[in-house]
Asker: 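I am attaching a structure below and will ask some questions about it afterwards.
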There are 2 protein chains.
Amino acid sequence: MADHATIFRDYLAKKGLKLTSPRKKILEAVFAIHEHFNAEELYGRIKSHSQGISLATVYRTLPLLLEAGLVQHALRSAGRERYEHIYGHPKHIHWLCRSCGSLVETDLQSVDPLIAELAKSLNFKEEDIELSIRGLCWKCASTENENQTDER
Amino acid sequence: MADHATIFRDYLAKKGLKLTSPRKKILEAVFAIHEHFNAEELYGRIKSHSQGISLATVYRTLPLLLEAGLVQHALRSAGRERYEHIYGHPKHIHWLCRSCGSLVETDLQSVDPLIAELAKSLNFKEEDIELSIRGLCWKCASTENENQTDER
DNA sequence: GATTTATTTGCAACTGATTCTCAGTAATAA
DNA sequence: TTATTACTGAGAATCAGTTGCAAATAAATC
Ligand SMILES: [Mn+2]
Ligand SMILES: [Mn+2]
Ligand SMILES: [Zn+2]
Ligand SMILES: [Zn+2]
């Protein structure tokens with residue numbers, strides 16, 4: 001029911017931390033991006049709107065958002081950590097094309113109960129599921145067929 | 001049918017690369033480890049047996065093993081890439097306890113057909129599935145209940 | 001098996017994302 | 001006001017991973 005600002009404030013309060021102006025701005029920026037992003041991209045967005053926020057503070061705030069359950073890790077890329085906000089964005093499967101880099105997201109629903117069942121039999125209390133599938137998207141798969149050059 | 005050395009040699013040959021002594025040693029070490037490992041841990045194992053292999057060569061060889069399909073990425077940890085060999089080690093689910101760090105692996109079989117079906121409906125040619133579940137193992141879950149200190 | 005050619009290696013220097021240090025600010029409590 | 005604690009920006013430090021290079025090695029050709 002609570003919106004993300006409330007959730008963040010509550011989380012911070014519980015930890016004896018403050019919801020400061022930089023943290024507020026970073027939070028807003030995070031929820032204005034509806035794609036995956038890395039720290040520097042996030043920083044770039046913030047800089048263009050307001051100013052006076054440092055990259056260091058972005059790096060310092062991201063772990064707080066993760067712990068507050070507002071943000072999660074997404075697939076790393078080019079040696080950089082990537083993130084995405086979670087609020088109002090239910091768990092999903094990531095389909096990443098290794099050729100064109102396109103990323104598609106689909107529902108996790110069909111897989112979820114199966115995992116819950118496995119977890120129960122293992123006595124494991126699941127908190128976070130990450131399901132990523134790498135391969136070729138429709139477009140790249142057909143292209144690769146044309147270029148029937150070599151390989152296997 | 002082919003063993004991993006043969007697979008590696010064939011892969012290298014196809015690329016016009018050579019199966020050298022350092023590469024052979026690294027390959028052996030990789031298949032002597034039956035856990036997840038990072039580049040430095042692998043290097044440590046090799047150094048203790050033979051010598052005269054540099055860390056740089058380990059770093060240069062790992063991508064080759066990945067591309068040859070002999071090794072895959074495992075869950076990153078402490079800011080370091082981790083790996084595991086695949087040969088004779090079918091795809092599996094990783095269950096990682098966020099409290100004690102224990103890692104359990106289980107079969108992917110039950111989930112596999114479901115994903116294949118989804119892939120078909122998306123026209124996505126899946127090549128690699130990564131399913132990791134973070135949470136609390138049986139032990140840590142019960143401990144956390146005792147220490148009913150605070151938190152939600 | 002000597003010679004040529006292309007690939008590999010160890011080493012050390014480098015890179016770049018992330019973390020840390022520190023001195024100055026802001027918020028809050030007393 | 002004063003004391004205490006948390007926060008910030010700036011830049012320095014860290015450190016996993018990469019790269020340039022000259023010497024070594026493997027394979028191909030004579
Ligand atoms: Mn996503
Ligand atoms: Mn594994
Ligand atoms: Zn594609
Ligand atoms: Zn545990």
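In what follows, chains carry the letters A, B, and so on, assigned in the order in which the sequence lines appear, proteins first and then strands, with residues in each chain numbered from 1.
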Asker: Mapping G79(B) and S21(B) onto DNA chain D by nearest heavy atom, which one lands closer to the 5' end?
Answerer: G79(B)
Asker: Please determine whether residues L27(A) and L55(A) belong to a single hydrophobic cluster, defined as Ile, Leu, Val, Met, Phe, Trp and Tyr linked transitively by side-chain heavy-atom distances below 4.5 Å.
Answerer: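 The answer is yes; both residues are in one hydrophobic cluster.
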Asker: Would you mind reading off the distance between L19(A) atom CG and dA6(D) atom P, rounded to a whole angstrom?
Answerer: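 My rounded result for the distance is 17 Å.
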Asker: What is the distance from CZ of R60(B) to C1' of dG20(D), rounded to the nearest Å?
Answerer: 10 Å
Asker: Please check if any side-chain donor atom of Q72(B) sits under 3.5 Å from a side-chain acceptor atom of H89(B), or the reverse.
Answerer: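 On atom types as modelled, these side chains do not qualify, holding no pair under 3.5 Å.
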Asker: Of all the choices, dT18(D), dG10(C), dC20(C), which nucleotide is nearest to the side chain of A56(A) once you look at every atom?
Answerer: dC20(C)
Asker: Is it the case that the side chains of H94(B) and H36(B) hold a donor-acceptor pair, with the cut-off being a distance below 3.5 Å and no angle test?
Answerer: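 Yes.
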Asker: Nearest-Å distance, CD (E40(B)) to P (dG17(D))?
Answerer: 9 Å
Asker: CG of L17(A) versus C1' of dT8(D): gap in Å, rounded?
Answerer: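 Answer to the nearest Å: 14 Å.
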Asker: Look at the side chain of Y59(B) and decide which nucleotide, out of dT18(C), dA26(D), dG17(D), has an atom nearest to it.
Answerer: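 Minimum distance to the Y59(B) side chain belongs to dG17(D).
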Asker: Given dA17(C), is OP1 or OP2 found less than 4.0 Å from the side-chain N or O atoms of R76(A)?
Answerer: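 So the side chain of R76(A) is outside the cut-off, no N or O lying under 4.0 Å from OP1 or OP2 of dA17(C).
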Asker: What's E81(A) touching, base or sugar-phosphate or nothing? Going by heavy atoms closer than 4.0 Å.
Answerer: sugar-phosphate
Asker: Which of parallel (below 30°), tilted (30 to 60°) and perpendicular (above 60°) describes Y87(A) and H4(A)?
Answerer: perpendicular
Asker: With sugar-phosphate meaning primed atoms plus P, OP1 and OP2, does L55(B) contact a base, only sugar-phosphate, or nothing at under 4.0 Å between heavy atoms?
Answerer: nothing
Asker: Within this structure, what is the CD1-to-P distance between I53(A) and dC7(D), rounded to whole angstrom?
Answerer: 15 Å
Asker: Taking atom P of dG16(C) as reference, at what distance in whole Å does atom CZ of R80(B) sit?
Answerer: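 To the nearest whole Å, that distance equals 20 Å.
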Asker: When you measure from the side chain of R134(B) to the backbone N and O of R98(B), does any donor-acceptor pair fall under 3.5 Å?
Answerer: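 No, the answer is negative, given that no donor and acceptor are paired below the 3.5 Å cut-off.
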Asker: So, is T20(A) close to the dA27(C) phosphate, meaning a side-chain N or O under 4.0 Å from OP1 or OP2?
Answerer: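 The answer is no; no side-chain N or O of T20(A) sits under 4.0 Å from OP1 or OP2.
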Asker: Whole angstroms only, please: what is the CD1-P distance between I46(A) and dT8(D)?
Answerer: 12 Å
Asker: For the pair made of CG in L66(B) and P in dG17(D), what is the distance, rounded to whole Å?
Answerer: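 For the pair L66(B) CG and dG17(D) P, the rounded distance is 12 Å.
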Asker: Starting at the 5' end of DNA chain D, which residue's closest nucleotide do you reach first, P22(B) or Y83(B)?
Answerer: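 The residue mapped nearer the 5' terminus is Y83(B).
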